[in-house]
Amino acid sequence: MSAEAKGPASYFPSIEKKYGRPITEWKDLIRTSPLTKHMELVNWLKSEHGLGHGHANALVAHTLAEDSGR
């Protein structure tokens, strides 16, 4: 039995289903963007890629947290 995802990762299945791209692809887009600030990235995902605010925020928060731990 697998543990249920919590926090931003709990959005990942619905993001993949709704937008048709794997999470790794979204994270790669965020990491290769020239933008670095959380809300800049959220707004960019919303305006350029059509994500909703919650989905964009979850992707950015998870990606930036992951990268700060490297």
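Note: hydrogens, waters and symmetry copies are ignored here, and every other heavy atom, side chains too, is used. Everything quoted here is computed from the prediction, not taken from an experiment.
Formation of a donor-acceptor pair under 3.5 Å by the N43 side chain with backbone atoms of M39 is found in this model.
Rounded to the nearest 0.5 Å, atoms CG (L51) and CG (L29) are 9.5 Å apart. Rounding to the nearest 0.5 angstrom, the gap separating the NE2 atom in H38 from the OG1 atom in T63 is 10.0 Å. In this structure, the separation between CG on L64 and CZ on R31 is 9.0 Å, given to the nearest 0.5 Å. Separating the CG atom in L41 from the CG atom in L35 is a distance of 5.0 Å, to the nearest 0.5 Å.
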Donor-acceptor pairs are to be reported for all side-chain atoms of residues 12-22 against protein atoms at under 3.5 Å, with residues two or more places apart or in another chain.
{"unit_1": "S14", "atom_1": "OG", "unit_2": "Y11", "atom_2": "O", "d": "2.9"}
{"unit_1": "S14", "atom_1": "OG", "unit_2": "H55", "atom_2": "NE2", "d": "3.4"}
{"unit_1": "E16", "atom_1": "OE2", "unit_2": "I23", "atom_2": "N", "d": "3.0"}
{"unit_1": "Y19", "atom_1": "OH", "unit_2": "G52", "atom_2": "N", "d": "3.0"}
{"unit_1": "Y19", "atom_1": "OH", "unit_2": "H55", "atom_2": "ND1", "d": "3.3"}
{"unit_1": "R21", "atom_1": "NE", "unit_2": "E25", "atom_2": "OE2", "d": "3.0"}

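The shortest non-hydrogen separation linking A58 to P8 is O-CB, 3.4 Å.
K27 is not listed as a side-chain neighbour of T24, based on a closest heavy-atom distance of 4.5 Å or more. Counting only heavy atoms from C-beta outward, the side chains of I30 and L45 approach each other to under 4.5 Å.
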